[in-house]
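Heavy atoms only: backbone and side chains are in, while hydrogens, waters and symmetry mates are out.
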Amino acid sequence: MVPFLQNANNLKYLSLDGNNLASDGHNLIFRALRNSPIERLNCNNCGIESIEIDNNHIPNNLMQLRLNRNKINAYGCRGLAKLLQREGATLTQLWLNNNKINDDGVEILVDALQSNTSLTFLDLIGNDGISRQGQLMLLKLVNDISSIKATLHSNHTLEHIYVNWGI
């Protein structure tokens, strides 16, 4: 599959949902898509725990990444942070619902999103490890009212955050 992906010059959307890729398979596919025009990648329910991002192997046009119903935890969020922090980031939607993300993972994502100017949509619903503390970190990211300067430097690009608020 890797040679096919490396030569798929017109591929803009790829759905691998339900395939047991695991982390190694996802990372291999992600690297293979580096020079492709891929804009949307779905790897829902693929047994992914961690994401290893090498800044030299990021799909340059990727706008939507769906990683729902996997096993991504705080360690996996470190890899995603690299994707969000890279110069010229194109990702506008990141779907991470029903994973194993907790407050530590949220903190990693929030730190990465401080300077991100592309992501407008973040879905974290069903990550039961996110407590009220994690929810507050997300709110502070988009509207830090601790000072006028902090409000000015809040992330004003991120428009939609979905998380369980009933905690």
Side-chain angles (χ1 to χ4, degrees), residues 1-2 4-5 8 11-86 88-114 116-131 134-135 137-138 141-142 155 157-165:
M1 180 184 253
V2 170
F4 165 76
L5 293 175
L11 184 66
K12 293 195 182 261
Y13 173 69
L14 178 61
S15 178
L16 298 168
D17 294 348
N19 287 288
N20 191 20
L21 298 175
S23 299
D24 290 340
H26 176 267
N27 294 334
L28 187 65
I29 287 169
F30 204 77
R31 284 187 206 98
L33 293 169
R34 177 182 80 170
N35 293 319
S36 79
I38 192 87
E39 295 175 355
R40 295 172 51 201
L41 178 60
N42 289 8
C43 294
N44 300 311
N45 197 28
C46 290
I48 300 166
E49 292 181 23
S50 64
I51 311 256
E52 291 182 23
I53 302 289
D54 175 355
N55 285 331
N56 297 323
H57 295 94
I58 295 175
N60 293 323
N61 301 304
L62 188 63
M63 294 188 296
Q64 184 181 99
L65 181 58
R66 291 180 182 237
L67 297 168
N68 301 319
R69 296 181 309 281
N70 282 292
K71 301 172 187 173
I72 298 169
N73 56 25
Y75 181 75
C77 289
R78 286 188 189 93
L80 291 169
K82 289 181 186 178
L83 180 65
L84 295 168
Q85 290 174 321
R86 79 178 177 106
T90 57
L91 195 67
T92 59
Q93 295 183 19
L94 181 57
W95 300 70
L96 296 168
N97 68 52
N98 296 295
N99 276 284
K100 305 287 182 195
I101 298 171
N102 60 16
D103 291 342
D104 293 336
V106 168
E107 184 175 12
I108 291 164
L109 293 173
V110 165
D111 287 345
L113 288 167
Q114 293 291 338
N116 179 283
T117 58
S118 66
L119 198 74
T120 61
F121 179 97
L122 177 62
D123 183 354
L124 294 168
I125 286 179
N127 287 284
D128 297 333
I130 300 174
S131 71
Q135 295 167 1
M137 285 187 268
L138 289 164
L141 169 69
V142 294
N155 181 314
T157 306
L158 190 56
E159 299 171 347
H160 307 278
I161 300 175
Y162 294 90
V163 68
N164 296 353
W165 294 106

**Q** Say you draw a straight line from CD of E159 to CG of L122; how long is it, rounded to the nearest 0.5 Å?
**A**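 Between atom CD of E159 and atom CG of L122 there are 13.0 Å.
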**Q** Which atom pair, heavy atoms only, marks the closest approach of C46 to G18?
**A** SG-N, 3.9 Å
**Q** If you compare all heavy atoms of I108 against all heavy atoms of A81, which two are closest, and at what distance to 0.1 Å?
**A**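 Heavy atoms of I108 and A81 come nearest at CG2-CB, 3.9 Å.
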**Q** Mind listing the closest non-hydrogen atom pair of A8 and P37 along with its distance?
**A**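 Closest approach of A8 to P37, heavy atoms only: O-CD, 3.6 Å.
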**Q** Please list, chain by chain and in numerical order, all residues satisfying salt bridge (Lys or Arg N to Asp or Glu O under 4.0 Å) with K12, sequence neighbours excluded.
**A**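 Per chain and number, K12 pairs via salt bridge (Lys or Arg N to Asp or Glu O under 4.0 Å) with E39.
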**Q** Working to the nearest 0.5 angstrom, can you tell me the gap between S23 OG and I51 CD1?
**A** 7.0 Å
**Q** Hey, is the main chain of E52 close enough, under 3.5 Å, to the side chain of N27 for a donor-acceptor pair?
**A** yes
**Q** Please answer whether the main-chain N or O of G129 pairs with a side-chain N or O of N127 as donor and acceptor at a distance below 3.5 Å.
**A** no
**Q** Tell me, please, which residues at least two apart from D24 pass side-chain contact (heavy atoms from CB on, under 4.5 Å).
**A**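 In terms of side-chain contact (heavy atoms from CB on, under 4.5 Å), with neighbours along the sequence ignored, D24 is linked to no residue.
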**Q** The test is side-chain contact (heavy atoms from CB on, under 4.5 Å); show your working for L83 and L94 and say whether it passes.
**A** CA-CA 11 Å; L83 180 65; L94 181 57; 5.6 Å; no
**Q** So does N70 get a backbone contact from the side chain of N99, meaning a donor-acceptor N/O pair under 3.5 Å?
**A**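 Such a contact is found between N99 side chain and N70 backbone.
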**Q** With a 4.5 Å heavy-atom cut-off, do R86 and I53 have their side chains touching?
**A** no
**Q** Out of the candidates D103, N164, V106, only one should pair with S131 under the side-chain contact (heavy atoms from CB on, under 4.5 Å) rule; please name it.
**A** D103
**Q** Going from CG on D104 to CG on L109, what distance comes out if it is rounded to the nearest 0.5 angstrom?
**A** 11.0 Å
**Q** Mind checking the SG-CD1 spacing from C43 to I72? Nearest 0.5 Å is all I need.
**A** 9.0 Å
**Q** Below 4.5 Å, heavy atoms only, C-beta onward: do L138 and L124 meet side chain to side chain?
**A** yes
**Q** Report yes if some heavy atom in the side chain of D54 is under 4.5 Å from a heavy atom in the side chain of F30; otherwise report no.
**A**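 With C-beta onward as the side chain, the pair stays apart.
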**Q** Only pairs at least two apart or in different chains count here, so list each side chain to side chain donor-acceptor pair (under 3.5 Å) that has a residue in residues 89-98.
**A** Q64-Q93, N68-N97, Q93-W95, N97-D123
**Q** Could you measure the distance from the CG atom of N35 to the CG atom of N60? Nearest 0.5 Å is fine.
**A** 6.5 Å
**Q** Considering only heavy atoms from C-beta outward, does the side chain of P59 approach that of L41 to under 4.5 Å?
**A**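 With C-beta onward as the side chain, the pair stays apart.
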**Q** So do T157 and T120 actually touch side chain to side chain, heavy atoms under 4.5 Å?
**A** yes
**Q** Do the non-hydrogen side-chain atoms of N73 and N102 ever get within less than 4.5 Å of each other?
**A** no
**Q** Identify the heavy atoms of N44 and D17 that sit nearest to each other, and give their distance.
**A**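 The answer is N-OD1, 3.0 Å.
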**Q** Looking at N56, is its backbone amide N or carbonyl O close enough to the side chain of R34 to form a donor-acceptor pair, meaning the two atoms are under 3.5 Å apart?
**A**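 Yes, R34 side chain to N56 backbone: donor-acceptor pair under 3.5 Å.
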**Q** For the pair N116 (side chain) and L84 (backbone), establish whether a donor and an acceptor sit closer than 3.5 Å, ignoring hydrogens and angles.
**A**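 Checking the backbone N and O of L84 against the side chain of N116, a donor-acceptor pair under 3.5 Å is found.
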**Q** For side-chain contact (heavy atoms from CB on, under 4.5 Å), just list the numbers for L5 and S36, CA-CA rounded to whole Å, side-chain angles, deciding distance to a tenth of an Å, and then say yes or no.
**A** CA-CA 8 Å; L5 293 175; S36 79; over 6 Å; no
**Q** Quick check for you: to the nearest 0.5 Å, what is the distance between Q85 atom CD and L80 atom CG?
**A** 11.0 Å
**Q** Would you check if the side chain of N19 reaches a backbone N or O of L21 as a donor-acceptor pair within less than 3.5 Å?
**A**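 Side chain of N19 to backbone of L21: no pair is present.
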**Q** Would you indicate whether F121, at its atom CZ, is surrounded by more than 12 heavy atoms from other residues, nucleotides or ligands within a distance under 6.0 Å?
**A** yes
